[in-house]
Chemist: 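Sending over a structure as structure tokens; questions will come in a sec.
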Amino acid sequence: MLSAMPELPEVETVRRGLAMAMEGRRIAAVTLRRNDLRRPFPPDFALRLTGRRIVEVGRRAKYLTFFLDDDWVLLGHLGMSGRMLVGLAHPGPPGKHDHVLFDTDDGRRIVYQDPRRFGLMDLVEAARLTEHPLLRGLGPEPLDDAFTPPVLSAALAGRNGPIKTALLDQKLVAGLGNIYASEALFRAGIAPDRRASTVAGRRAAKLVPAIKAVLREAIAAGGSSLRDHRRPNGELGYFQHAFAVYDREGQPCPGCDCATGIRRMVQSGRSTFYCGKRQN
DNA sequence: CGGCAAACCTGCGAGC
DNA sequence: TGCTCGCAGGTTTGCC
């Protein structure tokens with residue numbers, strides 16, 4: 001079984017689990033249990049997948065990319081509450097939020113489950129994948145070598161809003177979400193409400209490695225299970241135990257002995273967690 | 001273009 | 001117990 005609440009590390013954990021179960025397999029059947037998620041499924045969705053072999057399961061930012069043997073790609077996003085569960089082909093009756101069932105030719109069933117239905121699925125020609133409207137504007141992959149301090153500070157130049165909000169903008173760098181933006185800023189010692197354009201030079205040189213490190217560590221931990229994230233073998237991801245600041249309001253700061261401890265504020269409608277002394 | 005609020009949905013826990 | 005409210009790991013849209 002496998003599930004995720006997805007930022008980049010959770011999606012990467014899902015990708016790895018799905019690759020194990022699906023790469024090289026043929027899709028024997030697809031069952032759609034409703035006709036839309038965030039948007040409608042593309043026409044003939046199940047029909048176009050049935051009989052196809054899955055060549056590779058990839059990831060771009062928080063999107064999953066299932067490369068098929070007819071040179072099309074199934075593009076998927078898990079939204080806030082999407083999960084991919086790998087199980088046996090003949091389980092009990094589908095649950096209330098089991099929206100898509102994929103049966104593979106070796107007798108397994110992959111269930112797409114998504115209570116809030118903020119996820120989506122689409123089909124796109126492989127040759128046009130990067131031109132897809134949902135992928136076209138995405139910034140660099142944070143774990144790529146091409147994501148460097150100069151690249152980040154160039155992207156931040158001219159942005160007057162806070163750095164934390166900027167890090168959530170997928171056009172700038174693609175894959176960070178609310179947890180890892182807070183965690184990376186803590187590690188870099190940068191205040192979340194600092195003006196984005198002032199994160200350059202020395203600060204950018206700290207922030208980029210902090211982003212890479214927190215994402216790598218989270219992937220190695222199987223992601224963060226705040227609610228019900230599961231790894232392919234059924235175990236919890238455990239990076240939530242390594243949070244320095246996220247969801248730790250009022251608890252002691254792990255980096256200093258300040259009296260206030262970890263604080264919470266709201267930026268663009270989302271919670272930000274930080275240490276007021278160590279970050280500036 | 002930048003920046004913010006609201007919208008899309010359901011579920012859960014806290015507080016009364 | 002049961003209700004209401006606030007909050008949730010994401011993204012898009014519409015409005016200034």
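Within every chain, numbering begins at 1; the chains are lettered A, B, ... in the order of the sequence lines, protein sequences first and strands thereafter.
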Chemist: Is any NZ, NE, NH1 or NH2 atom of the basic residue among A/K62 and A/E7 found under 4.0 Å from an Asp or Glu carboxylate oxygen of the other?
Modeler: no
Chemist: Round to a whole Å and report the spacing from CD of A/E249 to P of C/dA8.
Modeler: 10 Å
Chemist: Take A/P133 and A/R116, find for each the nucleotide of DNA chain C with the closest heavy atom, and name the residue whose nucleotide sits nearer the 5' end.
Modeler: A/R116
Chemist: Contact class for A/Y180 (heavy atom, under 4.0 Å): base, sugar-phosphate, or nothing?
Modeler: nothing
Chemist: Can you find a side chain N or O atom of A/Q170 that sits less than 4.0 Å from OP1 or OP2 on C/dG10?
Modeler: no
Chemist: Phosphate oxygens OP1/OP2 of B/dC9: is one of them under 4.0 Å from a side-chain N or O of A/H97?
Modeler: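 Looking at the OP1 and OP2 atoms of B/dC9, neither is under 4.0 Å from any side-chain N or O of A/H97.
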Chemist: To the nearest Å, how far apart are A/R136 CZ and C/dT12 P?
Modeler: 11 Å
Chemist: When you compare C/dG6 with B/dA5, how far apart are their P atoms, in angstrom units rounded to a whole number?
Modeler: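 Going atom to atom, P in each nucleotide, I get 16 Å.
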Chemist: Hey, could you give me the CD/OH distance between A/E249 and A/Y274, rounded to the nearest 0.5 Å?
Modeler: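 Interatomic distance, A/E249 CD to A/Y274 OH, rounded to 0.5 Å: 9.0 Å.
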Chemist: A/D122 has an atom CG; how far is it from atom P of C/dT11, in whole Å?
Modeler: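 Between P of C/dT11 and CG of A/D122: 16 Å.
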Chemist: Please tell me if A/R117 has a side-chain N or O lying less than 4.0 Å from either OP1 or OP2 of B/dT10.
Modeler: yes
Chemist: Tell me which nucleotide among C/dC7, C/dT11, C/dG10 gets nearest to the side chain of A/E7.
Modeler: C/dG10
Chemist: A/A61 and A/L138: which non-hydrogen atoms are nearest, and at how many Å?
Modeler: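 Closest approach of A/A61 to A/L138: CB-CD1, 3.9 Å.
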Chemist: Taking the inter-plane angle between the rings of A/Y246 and A/F243 on a 0 to 90° scale, is it parallel (under 30°), tilted (30 to 60°) or perpendicular (over 60°)?
Modeler: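 Judged by the thresholds at 30° and 60°, the geometry between A/Y246 and A/F243 is perpendicular.
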Chemist: Both distances below 3.5 Å, Watson-Crick or wobble geometry, any strand: find the nucleotide opposite B/dA5.
Modeler: C/dT13
Chemist: Using the rule for Phe, Tyr, His and the six-membered ring of Trp, do A/F118 and B/dC9 stack at under 5.5 Å and under 30°?
Modeler: no
Chemist: Just checking A/L134: base, sugar-phosphate only, or nothing, at a heavy-atom cut-off of under 4.0 Å?
Modeler: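 The answer is sugar-phosphate, as A/L134 gets under 4.0 Å only of primed atoms, P, OP1 or OP2.
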Chemist: Just how far, in rounded Å, is P of B/dT10 from CZ of A/R38?
Modeler: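 Rounded to whole Å, this separation is 16 Å.
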Chemist: Figure out the CG/P separation between A/L64 and C/dT11, and round it to whole Å.
Modeler: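 It is 12 Å, rounded to the nearest whole Å.
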Chemist: Return the value, rounded to whole Å, for the distance between atom CG of A/L75 and atom C1' of C/dT11.
Modeler: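 Rounding to the nearest Å, CG of A/L75 and C1' of C/dT11 are 13 Å apart.
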Chemist: Compare side-chain N and O positions of A/R270 against OP1 and OP2 of C/dC7 and report whether any pair is under 4.0 Å apart.
Modeler: no
Chemist: Nucleotides 3-5 of chain B: which of its N/O atoms have a protein N/O under 3.5 Å away?
Modeler:
residue : atom : partner : partner atom : Å
B/dG3   : OP1  : A/N160  : N            : 2.9
B/dG3   : OP1  : A/G161  : N            : 2.3
B/dC4   : OP2  : A/S268  : OG           : 3.4

Chemist: Within the structure shown, what part of the strands sits under 4.0 Å from A/K171 by heavy-atom distance: base, sugar-phosphate, or nothing?
Modeler: nothing
Chemist: I need the A/R116 CZ to A/L37 CG distance, nearest 0.5 Å.
Modeler: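 With rounding to 0.5 Å, CZ (A/R116) is 14.0 Å from CG (A/L37).
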Chemist: Would you say A/R33 has more than 12 foreign heavy atoms packed within less than 6.0 Å of its CZ?
Modeler: yes
Chemist: Can you check the distance between C/dG2 and B/dC9, where both ends of the measurement are the C1' atom (answer in whole Å)?
Modeler: 23 Å
Chemist: Can you tell me how far the CE atom of A/M84 sits from the CG atom of A/L64, to the nearest 0.5 Å?
Modeler: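 That separation rounds to 6.0 Å.
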Chemist: Is the charged tip of A/R48 near the ring of A/W72: under 6.0 Å from the six-membered ring centre and within 45° of its axis?
Modeler: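 Relative to the ring axis of A/W72, which defines the angle, A/R48 lies inside both limits.
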Chemist: When you measure from the side-chain N and O atoms of A/K96 to the phosphate of B/dG11, is any distance below 4.0 Å, counting only OP1 and OP2?
Modeler: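 So the side-chain polar atoms of A/K96 do come within 4.0 Å of the phosphate oxygens OP1 or OP2 of B/dG11, strictly under.
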Chemist: Decide salt bridge (charged side-chain N to carboxylate O under 4.0 Å, His left out) for A/E12 and A/R16; before the verdict, give the C-alpha distance in whole Å, the side-chain angles of both, and the deciding distance to 0.1 Å.
Modeler: CA-CA 6 Å; A/E12 177 62 19; A/R16 292 179 183 188; 2.8 Å; yes
Chemist: Specify the separation, in whole Å, of atom CG of A/L37 and atom C1' of C/dT12.
Modeler: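 Value for this atom pair: 15 Å.
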Chemist: Phosphate oxygens OP1/OP2 of C/dT11: is one of them under 4.0 Å from a side-chain N or O of A/H77?
Modeler: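 Affirmative; the distance criterion is met.
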Chemist: Give the rounded distance in Å between these two atoms: CE of A/M80 and P of C/dT11.
Modeler: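 Computing the A/M80:CE to C/dT11:P distance gives 10 Å.
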Chemist: What integer number of Å spans the C1' atoms of C/dG9 and B/dG3?
Modeler: 23 Å
